[in-house]
**Q** 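The structure that follows is given in the form of structure tokens.
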Amino acid sequence: MVIRYERPNSHAAHWARRMASFALVLFLAAALSHRFGPLTTPHFLALAGIAAGLALCAVLLAVTGLVRLWRVGARGGKAAFTALLLAALPLGVAGYAVQAYFTRPMIYDVTTDPYASPPWLKVPLANQDFLPRPPVTVRDREVQDAAYPGLTGRRYEGALDRVLQGVRKVAEEQGIVFTEESGMENVIADLEDLVVKPEADKSGESEIAVVPVPSERPVEQGLLPNSGGPSDVLLQGEWRSQLFGFRFDVSIRLREEEETALVDMRVASRYGPHDLGLGAAFVERYLKALDAELLGIAGD
């Protein structure tokens, strides 16, 4: 007589695969709709949280299926392993967000000038839903200064119009779309200086222009500079993160001081009280690219 051993089926493993598949599809649909469609950030985060919760349940069921496979040889090992792979993306993104939430400062507005940040030409407005943003306080600027001490403006030796050209070029490369601008009349005077006069150079040799050089921002002498003075050039725009398309408002201020141009920047997340450190990272990346554009090498 032949004895045939019937292996039991692990229902937990098969349900884990179904649940992980649904979680992955939900997460991808929400991410694509947020990046390229009309889905707002609060609704995307809600759907991503649901997908992460389902993925976590799928992982627990998959582990149960693997345990049964080890103990009684239950069928479902492939299903459990597939569930773990499918759940990796929603859980990985959620884990990174949670890690950034607790390790980065809880601020959503960062600037290179904590004393007098560049103003908004048009105050950004958005339906915050369940992610309201509190007003920016002095305490927030102190927290930013302690968390990101290297987040400072740039001073370049050169005319304001040349620095403005570099600012616009780097902004286009970094994905900033400007919507408002002010103080462009302060640049027209600098453009007039670029006109070559016939008697200026009879030898045919042009004078070598001064290359803009970044330098550290000077310490204020107990006086707070104006947020937006009459001689300032202000640019306001919008930037979206490359992967998930989180929206940030950007304000860039250019100020001419003697023979130098001072560039300051402000970046604010449009939703929620926490930007997960994305704002500060973008400011540092933009300023390094601006250094490379105006100097030829990146400066710290």
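These figures come from a predicted structure and were not determined experimentally.
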**Q** Taking the side chain as every heavy atom from C-beta outward, state whether D275 and V267 have any atom pair closer than 4.5 Å.
**A** no

**Q** If you measure from CH2 on W120 to CG on D249, what distance do you get to the nearest 0.5 Å?
**A**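 Reported to 0.5 Å precision, the distance equals 5.0 Å.
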
**Q** May I ask you to test the V233-L160 pair for a side-chain heavy-atom distance under 4.5 Å?
**A** yes

**Q** CG/L278 to OG/S269 distance, rounded to the nearest 0.5 angstrom?
**A** 8.0 Å

**Q** State whether the side chain of S33 and the backbone N or O of A29 hold a donor-acceptor pair below 3.5 Å, judged by distance alone.
**A** no

**Q** Please give me the minimum heavy-atom distance between Q236 and K122, naming the atom from each residue.
**A**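 Closest pair (atom of Q236, atom of K122, distance): NE2-O, 2.7 Å.
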
**Q** With a 4.5 Å limit on heavy-atom distance, are the side chains of P132 and P273 in contact?
**A**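 Answer no - side chains too far apart.
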
**Q** For the CZ atom on F81, are there more than 12 heavy atoms of other groups (residues, nucleotides or ligands in this structure) within a distance under 6.0 Å?
**A**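 For F81, atom CZ is not crowded (no more than 12 foreign heavy atoms under 6.0 Å).
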
**Q** Measure across S251 and P118 and return the closest heavy-atom pair with its distance rounded to 0.1 Å.
**A**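 Distance-wise, the nearest heavy atoms are OG-CB, 3.5 Å.
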
**Q** Under 30°, 30 to 60°, or over 60°: which ring-plane class applies to H34 and F44, parallel, tilted or perpendicular?
**A** parallel

**Q** So R240 and R35, do their side chains get closer than 4.5 Å, heavy atoms only?
**A**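 They are in side-chain contact.
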
**Q** Any idea which heavy atoms bring V59 and A87 closest together, and the distance?
**A**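 Closest approach of V59 to A87, heavy atoms only: CG2-CB, 3.8 Å.
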
**Q** What's the separation between atom CG in L235 and atom CG in L121, rounded to the nearest 0.5 Å?
**A** 8.0 Å

**Q** How far apart are the C-alpha atoms of V170 and L294, what are their side-chain angles, what is the distance that settles it, and do they pass the side-chain contact (heavy atoms from CB on, under 4.5 Å) test?
**A** CA-CA 10 Å; V170 174; L294 296 180; over 6 Å; no

**Q** Which pair of heavy atoms, one from A83 and one from A62, lies closest together, and at what distance?
**A** CB-CB, 4.1 Å

**Q** Give the cluster check for W15 versus L66: same hydrophobic cluster or not, with ILVMFWY residues linked at side-chain heavy-atom distances below 4.5 Å.
**A**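 Different clusters.
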
**Q** Would you say R253 and R266 make side-chain contact, with heavy atoms under 4.5 Å?
**A**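 No, their side chains stay 4.5 Å or more apart.
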
**Q** Tell me, do H14 and H11 make a side-chain contact under 4.5 Å, heavy atoms counted?
**A**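 Side chain of H14 against side chain of H11, heavy atoms only: no contact under 4.5 Å found.
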
**Q** Counting only heavy atoms from other residues, nucleotides and ligands, does the tally under 6.0 Å from CZ of F102 exceed 12?
**A**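 No, because the 6.0 Å sphere around CZ of F102 holds 12 heavy atoms or fewer from other groups.
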
**Q** To the nearest 0.5 Å, how far apart are CG in D145 and OG1 in T111?
**A**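 The OG1 atom of T111 is 11.0 Å from CG of D145, to the nearest 0.5 Å.
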
**Q** Kindly give the heavy-atom pair with the smallest separation between L69 and G77, and that separation in Å.
**A** CD2-CA, 3.8 Å

**Q** Establish whether M184 and V163 are linked, either directly or via other cluster members, by ILVMFWY side-chain heavy-atom contacts under 4.5 Å.
**A** yes

**Q** Check whether any side-chain heavy atom of L151 sits under 4.5 Å from a side-chain heavy atom of V110, and report yes or no.
**A**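 Side chain of L151 against side chain of V110, heavy atoms only: contact under 4.5 Å found.
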
**Q** Check for me, please, whether L91 and L26 land in the same ILVMFWY cluster - side-chain distances under 4.5 Å, paths through other members count.
**A**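 Not linked; separate clusters.
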
**Q** Apply side-chain contact (heavy atoms from CB on, under 4.5 Å) to residues E256 and N186 and explain how you reach the verdict.
**A** CA-CA 9 Å; E256 192 170 32; N186 299 323; over 6 Å; no

**Q** For the aromatic rings, using the six-membered ring if either is Trp, is the centroid distance between Y101 and H274 under 6.0 Å?
**A**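 Yes, the ring of Y101 comes within the 6.0 Å limit of the ring of H274, centre to centre.
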
**Q** Are L84 and V93 linked, directly or through other ILVMFWY residues, by side chains that come within less than 4.5 angstrom of each other?
**A**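 No.
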
**Q** Look at atom CZ of F22 and say whether more than 12 heavy atoms of other residues, nucleotides or ligands are closer to it than 6.0 Å.
**A**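 Atom CZ in F22 is not packed in, count stays at 12 or less.
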
**Q** For L262, does its backbone N or O pair with a side-chain atom of E257 as donor and acceptor, under 3.5 Å?
**A** no

**Q** Could you tell me if D264 and T112 have a donor-acceptor pair between their side chains, going purely by distance under 3.5 Å?
**A** yes

**Q** Go through the side-chain N and O atoms of D291 and Y156 and say whether any donor and acceptor fall under 3.5 Å apart.
**A**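 Short answer, yes.
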
**Q** Linking I/L/V/M/F/W/Y whenever any side-chain heavy atoms sit under 4.5 Å apart, do Y286 and Y108 land together?
**A**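 Per the 4.5 Å side-chain linkage, Y286 and Y108 are not co-clustered.
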
**Q** Are any of the side-chain nitrogens in K169 or E172 under 4.0 Å away from the carboxylate oxygens of its partner?
**A** no

**Q** Answer yes or no: is there a donor N or O on one side and an acceptor on the other, between the side chain of Q144 and the main chain of P149, under 3.5 Å?
**A** no

**Q** Mind listing the closest non-hydrogen atom pair of P90 and A55 along with its distance?
**A**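 Distance-wise, the nearest heavy atoms are CB-CB, 4.1 Å.
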
**Q** How far apart are the C-alpha atoms of Y115 and R141, what are their side-chain angles, what is the distance that settles it, and do they pass the side-chain contact (heavy atoms from CB on, under 4.5 Å) test?
**A** CA-CA 8 Å; Y115 300 100; R141 298 306 187 201; over 6 Å; no

**Q** Do T82 and R17 have a side chain donor and acceptor closer than 3.5 Å?
**A** no

**Q** Look up atom CZ in R75 and atom OG in S10, then write down how far apart they are to the nearest 0.5 Å.
**A**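 The OG atom of S10 is 12.0 Å from CZ of R75, to the nearest 0.5 Å.
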
**Q** Taking the side chain as every heavy atom from C-beta outward, state whether S241 and F282 have any pair of such atoms under 4.5 Å apart.
**A**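 No, every pair of side-chain atoms sits at 4.5 Å or beyond.
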
**Q** Holding to salt bridge (Lys or Arg N to Asp or Glu O under 4.0 Å), I want the full list of residues that pass it with R68, two or more places apart in sequence or in another chain.
**A** none

**Q** Looking at CG of L45 and OH of Y271, how far apart are the two atoms once the value is rounded to the nearest 0.5 Å?
**A**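 OH of Y271 is found 10.5 Å from CG of L45.
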
